[in-house]
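Note that ligands are numbered from 1 as they come in the structure, with each ligand's atoms numbered from 1 the same way. This one's a predicted model, so the numbers in the text were calculated from it and none came from an experiment.
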Amino acid sequence: MPINENVRDVIESVHEAEVASGREIGTVKIIAVTKYRDSDFARNFPRNGLFDLAENRVDKLLEKQEALTDLTNLHWHLIGNLQRRKVRTIINSIDYFHALDSIQLAEEISKRAEHPIKCLLEVNISREDSKHGFSASNVLEAVRVISTLSNVEIIGLMAMAPIDADEHQLHQIFGATKKLQEEIKAMNLEHILCTELSMGMSRDYKIAIQEGATMVRIGSSFLED
Ligand SMILES: *Cc1c(COP(=O)(O)O)cnc(C)c1O
């Protein structure tokens, strides 16, 4: 199937999930993950009304950005882990960073940023295997420290489910992330708005939307034929 049809299918399917969850249409932001293809492929998204583009690697994001400078209105999301030594090269070129996973990284971002950067804290509720993300218990302490950093704005939480999670586990993980988001929001800390939930990828975004996702990061669904 041509890419434009895939994009329209995904948009429609997200709208259906919104309706099925009693949410208003258009309240979940679709972030198009472009990492599997080149910048010409990425041009299909703004053409179809999707202006939020994501890459998981610093060099690839900068490459695409460079190739698409003729397009205005794009919002760039870095969704992959960021090494501290690379903060300086990328942080002032992006609109959102989804994988903030340590206090040290937050400090480096605040130091290098020329203005407050919208970040999401990566939380890791289930994946014992992963090195990345705050545990549910550590994140509450971390936000207190991060709230003292003037150039880091925590707009929400980001979560990824294990590849082999079944439907029941997905509901549990995304539901627990939602609870954590509300808990942090209720702390009412400076720079910690925490209203967004970036969760849901191609295989699990419908469940994530049911559990309150406000941003879904979709890549491979656009490639299916
Ligand atoms: C690649 C990637 C996605 C998109 O995953 P798909 O399964 O291709 O939709 C979402 N989030 C992160 C962090 C990724 O690296």
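- Of the protein's heavy atoms, Ser202 OG, 2.5 Å lies nearest to atom 9 (O) of ligand 1.
- The protein atom (non-hydrogen) at minimum distance from atom 12 (C) of ligand 1 is Ile79 CD1, 3.4 Å.
- Residues Leu50 and Val10 have side chains not in contact (no heavy-atom distance under 4.5 Å, counting atoms from C-beta outward).
- A 4.5 Å side-chain heavy-atom check between Ile184 and Ile154 finds every atom pair outside the cut-off.
- The pair Lys111-Glu107 does not meet the salt-bridge criterion, since no charged nitrogen lies less than 4.0 angstrom from a carboxylate oxygen.
- Remark: minimum distance from atom 5 (O) of ligand 1 to any protein heavy atom is reached at Met201 CE, 3.3 Å.
- Two residues are said to be in side-chain contact when any heavy atoms from C-beta on lie closer than 4.5 Å; Phe222 and Arg37 fail this criterion.
- For atom 15 (O) of ligand 1, the nearest non-hydrogen atom of the protein is Lys35 NZ, 2.7 Å.
- By the criterion of a heavy-atom distance under 4.0 Å, neither the backbone nor the side chain of His98 is placed next to ligand 1.
- Looking at heavy atoms from C-beta onward, Glu141 lies out of side-chain contact with Ile103 at the 4.5 angstrom threshold.
- For a threshold of 3.5 Å applied to N or O pairs, the pair formed by Ser220 and ligand 1 contains at least one separation below that value.
- Considering backbone and side-chain atoms alike, Ile218 places every N or O at 3.5 Å or more from each N or O of ligand 1.
- Backbone and side-chain nitrogen or oxygen atoms of Arg217 are examined, and one is located within less than 3.5 angstrom of a nitrogen or oxygen of ligand 1.
- The side-chain heavy atoms of Asn44 and Asn6, taken from C-beta on, include no pair separated by under 4.5 Å.
- Counting atoms of ligand 1 from 1 in the listed order, those under 4.0 Å from a heavy atom of Tyr36 are 1 (C), 5 (O), 6 (P), 8 (O).
- Atom-to-atom distance recorded for Leu74:CG and Gln65:CD is 8.5 Å, nearest 0.5 angstrom.
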